[in-house]
Structure formats: structure tokens, C-alpha cells
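Quick note: residue numbers are just sequence positions, from 1. Excluded from the calculations below are hydrogen atoms, water molecules and symmetry mates; all remaining heavy atoms, backbone and side chain alike, are included. Please read these numbers as outputs of a predicted model, since none were measured by experiment. Both ligands and their constituent atoms are indexed starting at 1 by order of listing.
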Amino acid sequence: MVTARLTIDPHFAVGDINRRVFGSFIEHLGRAVYDGIYEPGHPTADENGFRGDVIDLVKELGVSAIRYPGGNFVSGFRWEDSVGPKAERPRRLDLAWHSTETNEVGLHEFATWLDKVDSELMLAVNLGTRGTLEALDLLEYSNIPAGTALSEQRIANGKTNAFGVKMWCLGNEMDGPWQLGHRSADDYGKIASQTAKAMRQVDPTLELVACGSSSAQMPTFGEWERVVLTHTYDDVDYISCHAYYEEKNGDLDSFLASAVNMDGFIESVIATADHVKAVKGSDKTINISFDEWNVWYLDRYHDVDKVEGIDNWPIAPRILEDVYSVADAVVFGNLMISLLKRADRVTSASLAQLVNVIAPIMTEPGGPAWKQTTYFPFALTSRLAKGRALEVRLESPTHSTEVYGTVPTLDAVATHDAETGATALFLVNRSRDEEAVVTIDVAALGAAKVVDAQTLADDDVYAKNTLQDPERVGLSANDTARVEDGVLTITLPPVSWSAVELQA
Ligand code: AHR
């Protein structure tokens, strides 16, 4: 058994939690759109062909903004293909995922679906194979009320009111050699700045995201952010971060400590952005849009999933359909803790992705939709983390890992909503074999009571939810949580993620 201590005090505020941190991502990739959110023949399909069971699960998940339409896909995408009469939309090669894009679902259909799931649209423009003019065209089509060629085209296509998209990504992963139109930091910085300036001539209130690094392991990491922000500092609001984690070579200890890497990634990007701020003598602060994060078994994609062949361009192939375990969900929950720990600077984030493709929601054509293990920490964190994120001053034992060296065995963050008095605590026990007893000083909350405590854990850390056994893994009430004399205690099983809801 290990022990740890922490304190919850509303005075230890890190920053307000922006609801955009609970965003997600839908890319035209694999079965995310077709046979995912959209399946006209499905028994639950609505008048637009969208699956009702998926809509219900997305709503319950509590997703704020959804990034669209890519990802790598966007760097070869011509947005004009995806609007207008469906029968006239061209089928195109999607070079990013070696598939055929039918364009049956495009901007209008996706916006209709977003209304149904109560989420905001976060749109990415193609700065890989296209440029400033096409971005301006898309902006005019989407956001100008009426009276110009493209706004009138939108109206003729059935949308009288503008889409009013506020948040825009200036390309995707432009630092990655795999990206169509991959550029140097200098070249990308110039086109991002030029495009951002032009877009802001249309609407100065747009919120713009410049591409940061595809991961902290990229050889250009750090320098990429410095150069890109040197070009774009005055023109954008966010620099993006992307990070995916997977268990490699059976090294569960290192995998369970993945959030240590995410913490370091966030700190480095903040430091780099603030360095550029200092050099420029600016009083503006650039925040982070962590617009791709998840557990992803990328090696499996390269070894098993990858589609190839000049005569093989399938529509919606089953690719990137990772099936997540309890251990994956614990790491996933810990990544959410990392995002909240820097709520002051991580003000937008997108879980990549949402349905079928490295997703918390899976579907079977004509069949059911079900929750993966990762669904549970996302849904509960999104529901409970309200108000401000609090630093918890955790005193945790440590253990050693192959990849990340010595790491804290526990990790935690708390949130507090001053208006309602609701407080939430999120905890992870990274130990593979030891329970953790955590003592939490909650005296500063007044007479706090435990409303609920839920834990995700299992004797089999590799247990998963599947089509055959969709409810194998779920949350369980943690009955060890209790408050006595201003002290909350809770016992956390090995390899577990927990959330405690407190009310003053
Ligand atoms: O989310 C899957 C892919 O991961 C995205 O298309 C790309 O941006 C990233 O490399």
C-alpha cells in the first residue's frame, strides 16, 4: 500500500476552466463519418441520415467544440466539393488515408449534426495544398450573412443564416513530413500569418490556431513553435499541441506515466510562447489549443491497418479502430488531469477522435453503438469539472519507469465552482500492484460532503468493451471515500482513475 496527501483549497486557483477543453474531433477518416455518425439505413437514423444512438452517446459524453474535417485529411481537401446538391458532389482520392471521399457529408450536413449534439464547430482550413485565397473563400461562404457570391451560394444551398464559425485552425500538423504540403517552420509561419491577417480583415473577432508540433518528440519541437510564433504572434490566439500515447514493448509502468510527458510538453510550449512574448515586448498571451490528444496504437496502424495499392481506394475502411483497455482509460483520464492542471493556458482541447476512429464511441453498421473504456473518464470529467481548476499540492511517493525516469505514483487535480460550491477531485493511481490511500485536507471547503465517488479499475487491466461484450468495463462506486473532521480519505486500487464529487 502507498499513501499520499493533498489539499483542496479554492484559494489555490490555477485558472478558469474553458468549456472548450472538453472538445473533440471528427475527421473524414475511416468510419468516423460514414458508418459512424452517418448511416442513412440504420434503424435509429434521423431524417438526415444521422444515427440517433450515436447522437445520444455524444450528448451524454458532454463534448463542447468539435474540430472538423481533419486532421491529415484537410491538407488535400477542397471544401467546395462538400457543398451543393449531393448528387453533383465529386468523389475524390483522400491521399492522407488512401481512401475514396464521396463528399456525401460536408459542411452543411456536419453543421446540422452539431446542432443535434449541442456542439460548436471548429473548422480547419487547408494550408497544405491550398492557401490564403481558399481559406478566405471558405470564410466568406461560412460566415458572411448574404450579398456576395459565396454567401449567396450558401443560401442557395439551403442555409440562410451564416454558420458563424468562431474558431479556425490554420492547417494541420504542417511540421510533419507525412503531411501533404509539409513546410518548414519559416514557410509555414509566413503563410499562417498572411492567412490569419487576411481572415481577420473579414472578421477581427475570429479565434485562430497556428499549428504547433505534431508531438514533443518531433525533431523540430521547440524551435518550430518559436519560429512559427515569431511570424504569427500578433495574428493568432492559440498554438496547437498534439500528443498520442501507447503502451510499447509491454512496458506498462512507462505507459501509465504518459501524462508526465504531456505535462512537460505543455510547460515547454508555454515557455516558448512566453519567450516570443518577451522578445516582442508584447502584452498579449498565446494559449494552447491541445487539439489532438489520446491513446493511439499507431504502430498497429502502420503494421496492420494501412491501406495501399493504386487500385485500392476504399470508402470508409475500418482503420484506426483501437479497442481500449482499462489501462488505456486510466492513462486517458490522467491526460485530462494534465489538461486541467494548466487550465490557465490550455483553453481549448480536442479529444482525437470521437466515433470509431481512436474513439470513445464505437458503432456497428445496422447494429449497436457502445462506449469504450475511455468514454467514462471523459464523460465524468466533462460533467464535474466546473468553475476553476485548483492546484492540489500533492505529496506523492514516486517510482521509476524506463521511459520517464522517476515519476509520482499518483496524480490529481481539483476543480471548484464558486457559484454552486461544487468541488470535484480527479485522481490517478499509476502503481501496477499497490493500492493507494490518499488523505485530502478539505477544511477550506467548510463542511464538505462526498456526493459521489466513482472509480475505473479492474483486476484485468487489459479488459475492454467490445461488440460481443459492450458493458464489460464501467465505473464503480468507490465506497471508501468519506469526510471526517475536514479530511477526506479515499483508497484507490492499482491502475485506477477516480472522480470524487464534493458539496460544501
Ligand atoms: O487523429 C489521427 C491523425 O493524427 C490526424 O489526422 C493527424 O492530424 C494526426 O497525425
**Study point:** Under 4.0 Å from ligand 1, counting heavy atoms only: the protein residues, by chain and number
**Key:** F25, E27, G71, N72, W97, N172, E173, Y244, E292, W296, Q353, I358

Study note, to complete from the structure: Across all chains, not counting sequence neighbours, the salt bridge (Lys or Arg N to Asp or Glu O under 4.0 Å) partners of D186 are K190

Exercise for review: Taking atom types as modelled, find out whether Y238 and E207 have a side-chain donor-acceptor pair closer than 3.5 angstrom.
Suggested key: yes

**Study point:** Side-chain (R200) to main-chain (D235) donor-acceptor, under 3.5 angstrom
**Key:** yes

**Study point:** Under the salt bridge (Lys or Arg N to Asp or Glu O under 4.0 Å) test, residues paired with D137 that sit two or more places apart
**Key:** none

Practice item. Return the set of residues passing salt bridge (Lys or Arg N to Asp or Glu O under 4.0 Å) with D175 (not counting sequence neighbours), or none when no residue passes. Key: none

Exercise for review: Answer yes or no: is there an ion pair linking E247 with R432, defined by an N-O contact shorter than 4.0 Å?
Suggested key: no

